[in-house]
Number of protein chains: 2
Amino acid sequence: METKIESLTIGKVARLAEIGVETMRFYEREGLIESPPRRASGYRQYPSDTVDRVRFIKRAKALGFSLREIKELLSLRAAPRTKCTDIRQRALRKIQDIDEKTDTLRRMRKALTKLVAECEGSRPVTECPILASLSTQKEKP
Amino acid sequence: METKIESLTIGKVARLAEIGVETMRFYEREGLIESPPRRASGYRQYPSDTVDRVRFIKRAKALGFSLREIKELLSLRAAPRTKCTDIRQRALRKIQDIDEKTDTLRRMRKALTKLVAECEGSRPVTECPILASLSTQKEKP
DNA sequence: CTAAACCCTGTAGTATGGTACGGGCTGTAT
DNA sequence: ATACAGCCCGTACCATACTACAGGGTTTAG
């Protein structure tokens, strides 16, 4: 134990982030996590914060962001040369995306809550509140 | 013009919901929208509320719900025989999912806002607030 | 020292969610 | 009445995001 610097094998990162080892390598090929240093044997050595990065990827994916979009999100600060105005623009755009998603979730939640209330009141559930709550909203592509 | 009942062709629904005609038929095959009545010619005749249903599908997809999950969401009220307690259970479960997603979005938004603030202050952007804001969160699978 | 568990590269296969024909009727506007 | 957009079905193909080998070297616990 020469260096006590925290470094993890691919398998450990994968277990901590709850994804597969193959997926780790896939993300590396896709440029979502950078190619880590290697031991003499060729084994990857990850810094421990990689786990957070992978968890982030996992969560963002669950929110409907594509790997391409996630890459963009992660690279917002990555390039140190990038003009601040540029970063700002892109970040603001992402915030808009997020606000739209949040709003849709809020409406879905409201609809489901209504459904639950109807069920508790033991009244017949004939109409679909999920649809009803969304029906008036126009989409802005 | 015998019947003034609002009914739309597949193409009209598709245009209104901003998806492709092929996708409409795909969703029908997958059971996400029910097989509508047909004219003598075989042409599908959709009631106008189908547009809302399709828009809902589109939005839910953008939030990371799979078609299977969306089908579940849409069928919560669909089966009138379903026990209320059962519907309630499933709805509550979905609300949990939604709350988790909302929370992640909230944190992402906060991180991006911070990033924007840093850019406005024209300070160097060295750290990645997106990751930082998520790093302390443990995942609950 | 050796066996089990891990890691390596490369390639191939899978699931999901569409998208694009081909070949052929139908509706409608001029 | 005819052209041309729109619809029908069936099948094939596509991108994305994994997932699973095959064939081989490496670590590490006992």
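We name chains A, B, ... by the order of the sequence lines, and we start the count at 1 in each one.
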Reading nucleotides 9-21 of chain D 5' to 3', which nucleotides get B (base under 4.0 Å from a protein heavy atom), which S (sugar-phosphate only), which -? S-------BBSBB
CA sep, side-chain torsions, deciding dist, call: B/Leu8, B/Thr50, side-chain contact (heavy atoms from CB on, under 4.5 Å): CA-CA 9 Å; B/Leu8 304 167; B/Thr50 304; over 6 Å; no
Under the salt bridge (charged side-chain N to carboxylate O under 4.0 Å, His left out) test, residues paired with [X] that sit two or more places apart:
X       : result
A/Glu72 : A/Lys94
A/Arg15 : none
B/Arg93 : B/Asp97

Shared hydrophobic cluster for B/Ile10 and B/Tyr43 (ILVMFWY, side-chain gaps under 4.5 Å):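 No, separate clusters.
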Report the C-alpha separation of A/Glu22 and A/Arg25 in whole Å, then their side-chain angles, then the decisive distance to 0.1 Å, and conclude whether the side-chain contact (heavy atoms from CB on, under 4.5 Å) test is met. CA-CA 5 Å; A/Glu22 317 270 9; A/Arg25 289 197 273 257; 3.9 Å; yes
For A/Arg39, the side chain to side chain donor-acceptor pair (under 3.5 Å) test, sequence neighbours excluded, returns none
Start and end of the DNA chain C segment that chain A contacts, any atom under 4.0 Å from a heavy atom: C/dC6 to C/dT9
Ignoring backbone atoms, test whether B/Thr9 places a side-chain nitrogen or oxygen under 4.0 Å from the OP1 or OP2 oxygen of D/dC7.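 True: B/Thr9 side-chain N/O within range (under 4.0 Å) of D/dC7 OP1/OP2.
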A/Leu8 CG to D/dT27 P, in whole Å, measures 16 Å
In whole Å, what is the span from the CZ atom of B/Arg15 to the P atom of D/dA5?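 Going from B/Arg15 (CZ) to D/dA5 (P), I get 13 Å.
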Dump the intermediate steps for side-chain contact (heavy atoms from CB on, under 4.5 Å) on B/Glu28 and B/Arg44, then the final yes or no. CA-CA 11 Å; B/Glu28 184 178 322; B/Arg44 289 167 179 82; 2.8 Å; yes
